[in-house]
There are 2 protein chains.
Amino acid sequence: METKESIIVESRNFFGTFGYEATSMSMIAEAVAIKKPSLYSHYKSKEDIFKDVLDKEMQDYIAHLKSVLNDNQKRVMEILHDLMKTMSLDSTGDASADFYYRYARYQPQELKDYIMERYTESENTARVLFDDIIERGKREGEIDAELSNAQIYSTYFLLLDGLAVTPDFYGKTYQEGEFDRVWEVFQRGIRPASV
Amino acid sequence: METKESIIVESRNFFGTFGYEATSMSMIAEAVAIKKPSLYSHYKSKEDIFKDVLDKEMQDYIAHLKSVLNDNQKRVMEILHDLMKTMSLDSTGDASADFYYRYARYQPQELKDYIMERYTESENTARVLFDDIIERGKREGEIDAELSNAQIYSTYFLLLDGLAVTPDFYGKTYQEGEFDRVWEVFQRGIRPASV
DNA sequence: GTCTATACGGCGATAGAC
DNA sequence: GTCTATCGCCGTATAGAC
């Protein structure tokens, strides 16, 4: 792997796990197996590394959503189910998810504007993708057409975020069942009334 | 206000808004209007300030929940509705909520064990309080008795957390409507089938 | 592009006078 | 309990040889 690639990967892991301030250039350098000053041959500052990591994560996130949501072989509720399940199970220890959800909520002051712009772009794109699939769900009778797309979208994303970042206060067994419990309530909440 | 009280309040605001690492003893001292070394007459370290803030927030959180949940004048769904609404609207800029939700998910390494213990205690207490009210909701026909308490609890808390901490990517108007949209889906998801 | 050496600043924390 | 002065450390970042 190229040195620059390695810097991105290791930095993302540290930023996601420990946060921006708690991640030092020394930690990154050690993980990449070079000396600290060598980092500055690739990036002019710690902020610049962060921005590069962020841009890459945004691209990957959208690419992932597109590939999952545009599967016309599957029924809509199956797609939404599988996506939520993946998020809730894989996310513990998933470096990309850790990173994505952390900086959606908590931005270092000096990077706040930059970060918020990127998330706004990303969430707007995600919204369009979801509008399409929700519309399909309504047409095919899986989702109650009385509900607005915004309703489905808001609720689904709140649950998704929650599942992705909730720490396990209650232990492993509880957490494994959490997705199924939550999914049932969501599914009851959006199904057509007459079914 | 006593100096020590003031330290707690200002520290909580900074810790909640900017995070533990991004909050310096100088910032706290300036906000309290004393010099930095004077802080050490009240606390022996930054970690100690944090622990005191955390303990206090936990107590307040549980006290708040108790007072809201044990209102037998109100119907169960009304209580759950009002609590979620308060969280979703007041929480933007509510220093206590900012603090509580931030450290539930992200702990500085050196304080991790201490923080997790406190949250586990707090969440276990919250769970008992919710079990009671959910049982009441089932008895009084507002909640489908087919669903487990864990289901209601998990889903409700995921939504609550989400509403409390979601940043406004979409602007003010969108955010104001978010609570109502989410509440309807939740309410449809847990109501008895025959109603 | 990588290294050794180093600058400079802010951090948490302490000493000791008042 | 509050202050001024200061310590030691580690952070980001740079200079300059190879």
Side-chain angles (χ1 to χ4, degrees), chain A residues 1-57 99 102-103 106-115, chain B residues 1-57 99 102-103 106-115:
Chain A
M1 186 158 45
E2 296 286 321
T3 303
K4 194 158 180 172
E5 272 181 78
S6 176
I7 293 172
I8 292 290
V9 171
E10 301 297 342
S11 299
R12 182 203 57 196
N13 294 348
F14 286 130
F15 287 148
T17 307
F18 303 116
Y20 181 77
E21 296 89 349
T23 299
S24 71
M25 297 297 269
S26 323
M27 291 163 69
I28 299 170
E30 193 184 343
V32 176
I34 57 176
K35 299 297 172 186
K36 188 169 59 165
S38 304
L39 290 172
Y40 291 89
S41 298
H42 301 273
Y43 289 98
K44 80 178 219 303
S45 68
K46 186 179 167 183
E47 285 193 22
D48 270 32
I49 297 180
F50 184 90
K51 288 178 182 173
D52 218 14
V53 172
L54 181 69
D55 292 351
K56 190 171 173 310
E57 288 305 309
F99 184 95
R102 179 188 279 263
Y103 296 98
Y106 303 110
Q107 307 90 26
Q109 208 61 11
E110 65 271 32
L111 285 159
K112 183 162 187 169
D113 291 347
Y114 187 89
I115 295 174
Chain B
M1 184 157 46
E2 295 286 320
T3 303
K4 195 159 179 171
E5 273 180 78
S6 176
I7 294 173
I8 293 291
V9 171
E10 302 296 343
S11 299
R12 181 202 59 196
N13 295 348
F14 286 129
F15 287 148
T17 308
F18 303 116
Y20 181 77
E21 296 89 349
T23 299
S24 71
M25 296 298 267
S26 326
M27 290 163 70
I28 299 170
E30 193 183 344
V32 176
I34 58 176
K35 299 297 172 186
K36 186 170 62 162
S38 304
L39 289 172
Y40 292 89
S41 299
H42 302 274
Y43 289 98
K44 78 177 220 303
S45 67
K46 185 180 168 184
E47 286 193 20
D48 270 31
I49 297 179
F50 184 90
K51 287 178 182 172
D52 218 14
V53 171
L54 181 69
D55 293 351
K56 190 171 174 310
E57 289 304 310
F99 184 94
R102 180 189 279 263
Y103 296 99
Y106 302 110
Q107 308 89 25
Q109 209 60 14
E110 66 271 33
L111 285 159
K112 182 163 188 169
D113 291 347
Y114 186 88
I115 294 173

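Quick note on labels: first sequence line is chain A, next is B, and so on, each numbered from 1.
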Item to check | Atom pair CG (B:D48) and NE2 (B:H42), whose distance is rounded to the nearest 0.5 Å | outcome: 13.5 Å
Checklist entry - Should A:S11 and A:I8 count as side-chain neighbours, where that means a heavy-atom distance under 4.5 Å? => result no
Checklist entry - Rounding to a whole Å, what distance do you find between A:L39:CG and C:dT2:P? => result 9 Å
Checklist outcome for this item: Students should find that the end-to-end axis angle of the helix from C:dG1-D:dC18 to C:dC18-D:dG1, with five pairs defining each axis and rounding to 10 degrees, is 0°
Item to check | Over all atoms of both residues, closest heavy-atom pair of B:D52 and B:K4 | outcome: OD2-CE, 4.2 Å
Next on the checklist: What is the distance, to the nearest angstrom, from the CZ atom on A:F14 to the C1' atom on D:dG11?
Outcome noted: 16 Å
Item to check | B:P37 side-chain proximity, nearest of C:dC3, D:dT4, D:dT2 | outcome: D:dT4
Checklist entry - Ignoring hydrogens and geometry, is there a side-chain-to-backbone donor-acceptor pair from A:S6 to A:V32 under 3.5 Å? => result no
Item to check | Nucleotide C:dG12, atom C1' - distance to NZ of B:K35 in whole Å | outcome: 17 Å
Checklist entry - Can any side-chain N or O of A:K46 pair as donor or acceptor with the backbone N or O of A:T23 at less than 3.5 Å? => result yes
Checklist entry - Do B:R12 and B:V9 touch side chain to side chain, with heavy atoms closer than 4.5 Å? => result yes
Checklist entry - Going through the checks in order, is the side chain to side chain contact (heavy atoms under 4.5 Å, CB included) test met by A:F50 and A:Y114? => result CA-CA 10 Å; A:F50 184 90; A:Y114 187 89; 5.8 Å; no
Item to check | Worked verdict on A:Q107 versus A:Y20 for side chain to side chain contact (heavy atoms under 4.5 Å, CB included) | outcome: CA-CA 9 Å; A:Q107 307 90 26; A:Y20 181 77; over 6 Å; no
Next on the checklist: Under 4.0 Å, heavy atom to any atom of DNA chain D: which of residues 15-33 of chain B qualify?
Outcome noted: none
Checklist entry - Would you say B:E30's side chain and B:S26's backbone share a donor-acceptor pair under 3.5 angstrom? => result no
Checklist entry - When the ring planes of B:Y106 and A:Y106 are compared, do they come out parallel, tilted or perpendicular, using 30° and 60° as the limits? => result perpendicular
Next on the checklist: With a cut-off of less than 4.0 Å, is there a side-chain N or O of A:S38 near OP1 or OP2 of C:dG1?
Outcome noted: no
Next on the checklist: What residues from residues 40-54 of chain B pass a heavy-atom cutoff of under 4.0 Å to DNA chain C?
Outcome noted: B:Y40, B:S45, B:K46
Item to check | pair B:E57-B:F15: side-chain heavy atoms closer than 4.5 Å | outcome: no
Item to check | Protein-nucleotide distance (B:K36, atom NZ; C:dA13, atom C1'), rounded to Å | outcome: 8 Å
